[in-house]
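Quick notes on the structure that follows.
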Amino acid sequence: MMQGRDPKRIIFLVATEESGDRLGSALMKVLRQRLGDGVQFEGVGGRTMTREGLNSLFPIEELSIVGFAAVVQQLPKILRLIRRTADAVTEAAPDALVIIDSPDFTHRVARRVRARNPAIPVVDYVSPSVWAWRPGRARAMLGYVDHVLGLLPFEPEEYRKLRGPPCSYVGHPLIEQLPSLRPNAEEQARRDAEPPVLLVLPGSRRSEIRHHLDVFGATLGRLQAEGRAFALMLPTMPHLEAAIREGVANWPVKPQIVVGENEKRAAFRIAHAALSKSGTVTLELALSGIPMVTAYRVSAIEAFILRRAVKVSSVILANLVIGREVIPEFLQEDCTPEKLALALAELLTDSPLRRQQVEAFAQLDTIMSTGNKSPSVLAADIVLATMRKGRR
């Protein structure tokens, strides 16, 4: 008598942003290698996950909402999509639910699913910043997350301290992209040549660009007036190019604007120093070996809220990973052309500040190492180990 085949394992993934879509796609690729035709992917994702075989409930562009007012206006739609996604998970009764970043959306889905069917394991890929603000979220996650996949090496210890769910460091996707960030011999020669290439990175959101462009332009004007020689490059993305060109039109120093991810990485490989807004880009610069000065400005009301909410000594991601405050940060009222120009001038010479950063950045490969396994392989290992052992 022939035995029937085992039913397909169903893995439900939810990612609502492009960065999560890339992570989800890499994870799906490894899961497909492990499970072959015995896996079916359902959920919410973008073009990359769809190409990898995901049946997406709706296009993630429906959640591309920018600004507080827009969020309030679109709230009924967002809540409807959360309910729709949770309903689909419950109906599919998958062997695992993998929520990827975007906690305002994905965690609401996970909580609903856990309330309806506690047997469905939930893996959270990309930890919310519980170590920076609202640390009580870690304890709350115990109720609806079985395992957290952390991108930063200090996160498992933070979850232990905060008594959250188990957390494993699987590695940041940037560590798989080091060849595109590090210069070859010719690029290193340009990095060391005169005039030094100075990157300026005002942000990837329109609100960030609005808050930073004027002060960054005035900073560069001061540097030039002091007789500092530099070649200025400003990397940006196609959808922001028009806003950037308009914003720099009155700068005293005109930057070379480079558009697109490949062009940005090429600029990183020859850059000598950078003036950057804080965020993930600081880790990207540090892995590239580029000393930097960082700044961040928000509205007065946002600053008031953040000062009471943020629990870390530095908002610079690279400083947190290194474990020391090697990168100067100028926030809110400290974000002035005078202070930024003074710090940047140090980085354009062989100063102690520059040497301190270069030496600290050289340690990142060791600090962020995941051994001989890629982040997507480590993530897949944990998803497979967390999956239900048998079908209903």
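What you see is a predicted model; the values in this text were computed from it and never measured. All residue numbers in this chain count up from 1 along the given sequence.
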Mind checking the CG-CG spacing from Leu174 to Leu181? Nearest 0.5 Å is all I need.
6.5 Å

Counting C-beta onward and ignoring hydrogens, is there a side-chain heavy-atom pair between Met387 and Leu384 closer than 4.5 Å?
yes

Count I, L, V, M, F, W, Y as connected when their side-chain heavy atoms are under 4.5 Å apart, and connections chain through other members. Are Val358 and Ile290 then in the same cluster?
no

Nearest heavy-atom contact between Ala110 and Ile99 is CB-CD1, 4.0 Å

Are Pro121 and Leu97 close enough that some pair of their side-chain heavy atoms sits under 4.5 Å apart?
no

Checking the side chain of Arg84 only, and the main-chain atoms of Leu57 only, is there a donor and an acceptor separated by less than 3.5 Å?
yes

With a sphere of 6.0 Å drawn around CG of Asn184, does it hold more than 12 non-hydrogen atoms of other residues, nucleotides or ligands?
yes

May I ask you to decide whether Glu186 forms a salt bridge with Arg190, counting only side-chain N to carboxylate O separations under 4.0 Å?
no

Test item: Gln356 side-chain N/O and Pro352 main-chain N/O as donor-acceptor pair under 3.5 Å:
no

Rounded to the nearest 0.5 Å, what separation is found between the CG atom of Leu232 and the CZ atom of Phe216?
11.5 Å

For Arg47 and Asp21, what are the C-alpha separation, side-chain angles and deciding distance, and is it a salt bridge (Lys or Arg N to Asp or Glu O under 4.0 Å)?
CA-CA 8 Å; Arg47 293 186 183 92; Asp21 182 46; over 6 Å; no

What closest approach, in Å, do Pro165 and Ala138 show between heavy atoms, and which atom pair accounts for it?
CD-O, 3.3 Å

Between the main-chain N or O of Arg354 and the side-chain N or O of Ser351, is there a donor-acceptor pair closer than 3.5 Å?
yes

Is there a chain of hydrophobic side chains (I, L, V, M, F, W, Y, each step under 4.5 Å between heavy atoms) that links Phe58 to Phe12?
yes

Out of curiosity, Glu325 CD to Asn319 CG, how far, rounded to the nearest 0.5 Å?
6.0 Å

Show the numbers, then the answer: is there a side-chain contact (heavy atoms from CB on, under 4.5 Å) between Thr90 and Arg112?
CA-CA 9 Å; Thr90 308; Arg112 285 171 178 269; over 6 Å; no

Quick one: CG on Leu285 to OG on Ser276, what's the gap to the nearest 0.5 Å?
5.0 Å

Just how far is it from atom CD of Glu194 to atom CG of Leu348, taken to the nearest 0.5 Å?
9.0 Å

Evaluate salt bridge (Lys or Arg N to Asp or Glu O under 4.0 Å) for Arg32 paired with Asp37, printing each intermediate quantity in order.
CA-CA 7 Å; Arg32 177 82 69 192; Asp37 292 334; 5.2 Å; no

Heavy-atom closest pair (Gly171 atom, Thr370 atom, distance to 0.1 Å) is CA-CG2, 3.5 Å

Any chance you could lay out the salt bridge (Lys or Arg N to Asp or Glu O under 4.0 Å) test for Lys373 and Asp381, step after step, and finish with the verdict?
CA-CA 10 Å; Lys373 285 189 174 182; Asp381 286 345; 3.0 Å; yes

Glu338, CD atom: more than 12 neighbouring heavy atoms under 6.0 Å
yes

With salt bridge (Lys or Arg N to Asp or Glu O under 4.0 Å) as the criterion, how do Glu157 and Arg160 come out once you've worked through the C-alpha distance, each side chain's angles and the decisive distance to 0.1 Å?
CA-CA 5 Å; Glu157 180 56 29; Arg160 280 192 288 274; 3.0 Å; yes

Thr85 side chain vs Val109 backbone, donor-acceptor pair below 3.5 Å
no

Val148, Phe154: one ILVMFWY side-chain cluster at the under-4.5 Å cut-off?
yes

Heavy-atom nearest pair, Ala274 first then Leu344, reads O-CD2, 3.8 Å

Would you say Asp146's side chain and Val122's backbone share a donor-acceptor pair under 3.5 angstrom?
yes

Can you tell me if CD on Glu176 sees more than 12 non-hydrogen neighbours from other groups inside 6.0 Å?
yes

Can you tell me how far the OH atom of Tyr159 sits from the NE2 atom of His147, to the nearest 0.5 Å?
10.5 Å

Is Val123 linked to Val30 within one hydrophobic cluster, defined over Ile, Leu, Val, Met, Phe, Trp and Tyr using a side-chain heavy-atom separation of less than 4.5 Å?
no

So with a 6.0 Å cut-off around CD of Glu18, is the heavy-atom count from everything else above 12?
no

Residues Glu42 and Asn55: side-chain donor-acceptor under 3.5 angstrom:
yes

Would Thr48 and Arg22 count as having a side-chain donor-acceptor pair, cut-off 3.5 Å?
no

Give a yes or no on whether Ile100 and Val39 share a hydrophobic cluster (residues Ile, Leu, Val, Met, Phe, Trp, Tyr; joining criterion: side-chain heavy atoms under 4.5 Å apart).
yes

Examine distances only and state if a side-chain atom of Glu155 and a backbone atom of Leu152 form a donor-acceptor pair shorter than 3.5 Å.
yes

Using the salt bridge (charged side-chain N to carboxylate O under 4.0 Å, His left out) rule, pick out the option among Lys264, Arg182, Arg269 that qualifies with Glu284.
Lys264

Please check if the side chain of Arg108 supplies one atom and the backbone of Asp104 the other of a donor-acceptor pair under 3.5 Å.
yes

In sequence, state the C-alpha distance, the side-chain angles, and the governing distance for Thr294 and Phe330, and then conclude on side-chain contact (heavy atoms from CB on, under 4.5 Å).
CA-CA 6 Å; Thr294 61; Phe330 298 91; over 6 Å; no

Is Ser376 reaching over with its side chain to a backbone N or O of Leu27, donor-acceptor style, under 3.5 angstrom?
no

May I have the step-by-step check of side-chain contact (heavy atoms from CB on, under 4.5 Å) for Leu162 and Arg139, ending in yes or no?
CA-CA 6 Å; Leu162 296 170; Arg139 193 74 181 270; over 6 Å; no

State, to 0.1 Å, how close Asp124 and Asp101 come at their nearest heavy-atom pair, and which atoms those are.
OD1-N, 4.5 Å

For the student: nearest non-hydrogen atoms of Leu340 and Ala295, plus distance
CD2-CB, 3.9 Å

Check: Ile120 main-chain N/O paired with Arg114 side-chain donor or acceptor under 3.5 Å
yes

Between Arg116 and Asp87, does at least one N-O distance fall below 4.0 Å, as a salt bridge requires?
yes

Using atom types as modelled and distance alone, determine if a side-chain donor or acceptor of Arg191 lies under 3.5 Å from a backbone N or O of Phe268.
yes

Does a sphere of radius 6.0 Å around CG in Asp214 hold more than 12 heavy atoms from other residues, nucleotides or ligands, not counting ones at 6.0 Å or beyond?
no

So, Arg245 and Glu241, do they make that salt bridge, N to O below 4.0 Å?
yes

Under 6.0 Å from the CD atom of Glu91, do we count more than 12 heavy atoms belonging to anything else shown?
no

Would Leu347 and Leu275 count as a side-chain contact (heavy atoms from CB on, under 4.5 Å) here? Give the steps.
CA-CA 10 Å; Leu347 295 187; Leu275 169 60; over 6 Å; no

